[in-house]
Amino acid sequence: MNPFNNKRYNSYNEYFKRTFGQRVQKVSIDAGFTCPNRDGSLGSGGCTYCNNEAFNPSYCQPQKSVATQIAEGIEFHKVRYRRALKYLAYFQTYSNTYAPIDTLKELYGQALSYPEIAGLVIGTRPDCIDDEKLEYFSQLAEKHYIIIEYGLESSNNETLKRINRGHTWEQTVSAINKTAKAGINTGAHLIFGLPGESRETMLEQVELISQLPLTTIKFHQLQIVKDTLMARQFIENADLFHLFELEEYVSFIVKFVERLNPAFVIERFTGEVPPRFLVSKPWGQLRSDQVTIMIEQELERQDTWQGKYFKR
Ligand code: SF4
C-alpha cells in the first residue's frame, strides 16, 4: 500500500512542511567560489556538460556581497511567493566548500546572520570536503538547517571519467557517509542520459544509491548546454548521445522511483535550463512542473510508488 500521504513519493514540499511548519523558499547565492576541476588543481576544462551561467538566477552575482544577494533574493521571491516567510540560502554555483575554512566561516556566517535565513543549502563536489569543514558544518547544524548537496551524477566510474568529473564513485560514497555521520543532512544530484549509459545501466544504479545515507535526491535529464565541451561533442557526433524522449523519461523515472529507498526525499524529477542556453530541446518548451504532473499521473495509473520494489 502507498505509504505516502498526498503523493506517491516522499515529496519535498511535504518534507519542508514537516521540517519548518511553513513554506520555505530558497534564495540562490553566488559567493564567488570556483571549482578544482576548473581552476587547474584537478583540471581546467571542467565537467564536459558544465556551464554554470545556465543555472544562475539573474539577481545572483558574485561581485555583490552575500548579504546584498540575500536581500535582493528575498525581495525577488516575496513578489512571487507571498506565503514564504523563511528562506534557505542556496549556495549553488561551482563548489561551495572549495575554500579555506576561514573563508567559509565568513561567508556562511554572513548568510546565517540574516534573520529570515533558516539555514543553508550547500552544493559541492565529493572531493571538496574534509574533517575540519565537516566539524564546522556540524556545529552549525546544531542550530540551523544545514544540507550539503553532492553532485554524484553517476555511480559508474567509466561515465565519471567520460564526462571529466575528476572524482570517483568511491569518493562520493566516502563524502556522503562522513557528512551524515557528522549529523549534517545530505543531498545528491544525478543526471540521467549521460553518454555511454543505457536505460538498463542507469536503472542498475538505484540499488547502490539507495544504500547511501541521503536526506534528499534530485534527478536531471541530460540537457546539452551551449558553450560546453559536451555541446561540441554533440554537434560533431549526436549518435554518442541518447537524449530521453519525454514519454520514455516518464516511464524510466517511474521504474527508478519504485526501486528507490523510500526514506529519500525527492526534490525534483527534472532539470530546467533556460531554453536560450540549450543546443537541443527534445521536450520543446515543457516546464518541470508539467513533467512532474505527468510522472505523478503515471505512478497513479500504474498504482505504484517510491520504494515499492526497494530491496534493503
Ligand atoms: S559541474 Fe561543478 S564540478 Fe563540474 S566543472 Fe562545473 S562547477 Fe566544477
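Nothing fancy with the numbering, it's 1 onward along the sequence. Computed from a predicted structure; not experimentally measured. Every number for a ligand or one of its atoms is a count from 1 in the order of the listing.
Ligand 1 places these atoms under 4.0 Å from at least one heavy atom of Tyr94: 7 (S).
One finds a salt bridge joining Asp127 and Arg125 here, because a Lys/Arg side-chain nitrogen approaches an Asp/Glu carboxylate oxygen to under 4.0 Å. The pair Glu296-Arg8 fails the salt-bridge criterion, with no side-chain N (NZ, NE, NH1 or NH2) lying under 4.0 Å from an Asp/Glu carboxylate O. Ion pairing between a basic and an acidic side chain is recognised when a charged N comes within 4.0 Å of a carboxylate O; Arg199 and Glu248 show no such pairing.
Aromatic ring pairs are classed by plane angle as parallel below 30°, tilted from 30° to 60° and perpendicular above 60°; the pair Tyr249 and Trp283 is tilted.
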**Item:** salt bridge (Lys or Arg N to Asp or Glu O under 4.0 Å) evaluation trace for Lys311 with Glu207
**Value:** CA-CA 8 Å; Lys311 293 184 209 135; Glu207 282 187 26; 3.5 Å; yes
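Tally of protein N, O or S atoms closer to atom 4 (Fe) of ligand 1 than 2.8 Å: 1.
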For residues 256-268, run the donor-acceptor check on the side chains, cut-off 3.5 Å, and write out each pair with its distance to 0.1 Å, sequence neighbours left out.
unit_1 : atom_1 : unit_2 : atom_2 : d
Glu258 : OE1    : Thr304 : OG1    : 2.4
Arg259 : NH1    : Lys255 : O      : 2.9
Asn261 : OD1    : Ala263 : N      : 2.9
Asn261 : ND2    : Ser210 : O      : 3.0
Glu267 : OE2    : Lys26  : NZ     : 2.4
Arg268 : NE     : Thr270 : O      : 2.7
Arg268 : NH2    : Thr270 : O      : 3.0
Arg268 : NH2    : Ser288 : OG     : 3.3

